[in-house]
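All remarks here apply to the structure that follows.
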Amino acid sequence: MLRISDIRYAVEGRPLFEGASAAIPDGHKVGLVGRNGTGKTTLFRLIRGELALESGTISVPRGARIGSVAQEVPASETSLLDTVLEADTERASLLAEADGATDPTRIAEVQTRLADIDAWSAEARASAILKGLGFTKAEQSMPCSAFSGGWRMRVALAGVLFARPDLLLLDEPTNYLDLEGAVWLESYLAKYPHTVIVISHDRGLLNRAVGTILHLEDRSLTLYQGRYDTFAETRAARLAVAEAEAKKQEARRAHLQSFVDRFRYKASKAVQAQSRLKMIAKLKPITTPQEAALRAFTFPQPDELSPPIIATESASVGYDEKPVLSKLTLRIDQDDRIALLGRNGEGKSTLAKLLTGKLAPMGGRVTRARKLRIGYFAQHQLDELHADETPLDHLRRHRPAETPAKLRARAAGFGIGAAQAETVAAKLSGGQKARLSLMLATIDAPHMLVLDEPTNHLDMESREALVEALTAYSGAVIIVSHDLHLLAHVADRLWLVKDGRVAPYEGDLEDYRQTLLSEPAPKPTAQKAKPARPSRDAILALRSEARACEARVDKIEAMREKLAKKLADPALYEDARIGEMEVWQKKYAEVMDALARAETLWEAALERLEAAEG
């Protein structure tokens, strides 16, 4: 059990935790939630021991391994698969020890532990995790240096999942995943065998992958049983009760204060006035939790254009004369709300670039309304902000004639307060940068918004505000997001980008989610279907396991023969060497025990291989 007991910690004089406590049983899946800046990531660092508490304690079970994704994997020449395999340091250490061990007792312990952690199927497990996070079999053999930082973050995540620590700490893991990867991660975490604490603002993950919510607010921790929607309902009820009690107390305070103000200086009422002052002093203030104000977005409304605003006829688009998408015959009207679905690499971003005019068609025709204005938001645009300029400086580039008051009003309409408006972009938080980029993308009142992962770095309140703003917006919306909650509330049409084509998806988002999680159904036949033959990679992994088990048996057998020769020496049984003889007999018994275990593992591996090969 993870125990957080009465902890206190401050950053630059600002207290983040004051008497905070929580107890998380082993095996629980917990969502850590709270407004940005309250100290969620700091709590992770305290749990890992990277920061020293001012008071209180944080204790984890003795010997428990803590795992987290601290930073992206370096751009090395090591393959993705080998990088993930190296992440399980215990497995690597045991394998190295197994090669050089000579003590039979330790050999038996090592082999048992290797079996316990399923070491011989490691390559297949690592490959499955990488596949779930969006890497093809060919990409798994490529060096890390061939991938960008965002993709190397996925490798780092794969590494910590593969290592299977006893306490897994994940900080916004879906920020660098697409929808398919996020859905896979939800399913994986729900079945993870140990304790998980995940910081997330993704309602889908918090509703499907965890069963407990740990809420950080007002420097305290509160544990709620149930998933996020249950927490939200419970919390709303608590807020309503606290607010009602606070109003009653305020009315009582005002009534008492009114009496004091009227009669404080009247001799006949002085005693009563003093009595009421004491009553006021005894009224303990009821503090309602500091609920973040809904930091609303204010999207300017465009004028209306005649439909369609974009139409394509047998269009194709790609790079270097190689088409990625072909035969695109699509129509977009100003009231369309379209979510683009499809696995990474299928061409969603390519389609977005075609629609926004960033890529010209290689064939066919793309027709746009004559006065069409398009706003485009993508994650890479956060890096294109001018690091040494403030949000007001960015706005002046687009609206040089507007007064400072008007520019500040624009910034406030996107939740950028007075202090942040004068802060250079380099010092803004990820959420503030996202707000600034959204403001710049919509400043010209576009008729169509193309949004690529707009919720990354936004907290829960900001995500809800974005949903409201998009609902009120009168232009078309084309959106790519891993946030199923956002898609469900914004999109009314689904387009599937797959196999070089774009077509309407006939099901709903839950159908698509289930499709991603399930294997393709076998085709019905008149006869009973045979079990699916394991993949070539799975068979190779089983063969590797069998060979390793055989080598282990051979090694222990060689050790047994040496001990048998030793015990066959008649001189060992002389009276003067009885003590030495007993030592060698004990070692022989230990080796025989290790041999029996190794042979059992070998037989089991051979049976699995035989079953797989048919």
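Just so you know, these numbers use all the heavy atoms, side chains as well, and skip hydrogens, waters and symmetry mates. Everything quoted here is computed from the prediction, not taken from an experiment.
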[X] side chain to [Y] side chain, donor-acceptor N/O pair below 3.5 angstrom:
X      : Y      : answer
Tyr319 : Thr350 : yes
Tyr512 : Glu180 : yes
Thr41  : Asp171 : yes

With rounding to the nearest 0.5 Å, note down the distance linking [atom1] in [X] to [atom2] in [Y].
X      : Y      : atom1 : atom2 : result
Leu206 : Asp229 : CG    : CG    : 9.5 Å
Leu395 : Lys406 : CG    : NZ    : 11.0 Å
Leu2   : Ile197 : CG    : CD1   : 5.0 Å

Could you list all the side chain to side chain donor-acceptor pair (under 3.5 Å) pairs where at least one residue sits in residues 476-489, not counting sequence neighbours?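 Every side chain to side chain donor-acceptor pair (under 3.5 Å) pair that includes a residue of residues 476-489, provided the two are not neighbours, is Thr174-His482, Glu453-His482, Arg463-Asp483, Glu464-His485.
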side-chain contact (heavy atoms from CB on, under 4.5 Å), that's the test. Do Leu354 and Leu328 meet it? Break it down for me. CA-CA 11 Å; Leu354 173 68; Leu328 303 179; 3.8 Å; yes
Regarding Arg435 and the six-membered ring of Phe297, is the cationic atom NZ or CZ under 6.0 Å from the ring centre and inside 45° of its axis? yes
Given Leu161, Leu168, Val160, Leu169, the one that forms side-chain contact (heavy atoms from CB on, under 4.5 Å) with Val69: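 When side-chain contact (heavy atoms from CB on, under 4.5 Å) is applied between Val69 and each of Leu161, Leu168, Val160, Leu169, only Val160 qualifies.
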Residues which pass side chain to side chain donor-acceptor pair (under 3.5 Å) with Arg408, listed by chain and number, not counting sequence neighbours: Glu422
Given ring-ring contact (aromatic ring centres under 6.0 Å, His included), test Phe135 with Trp151 step by step and report yes or no. CA-CA 9 Å; Phe135 295 98; Trp151 283 95; 5.2 Å; yes
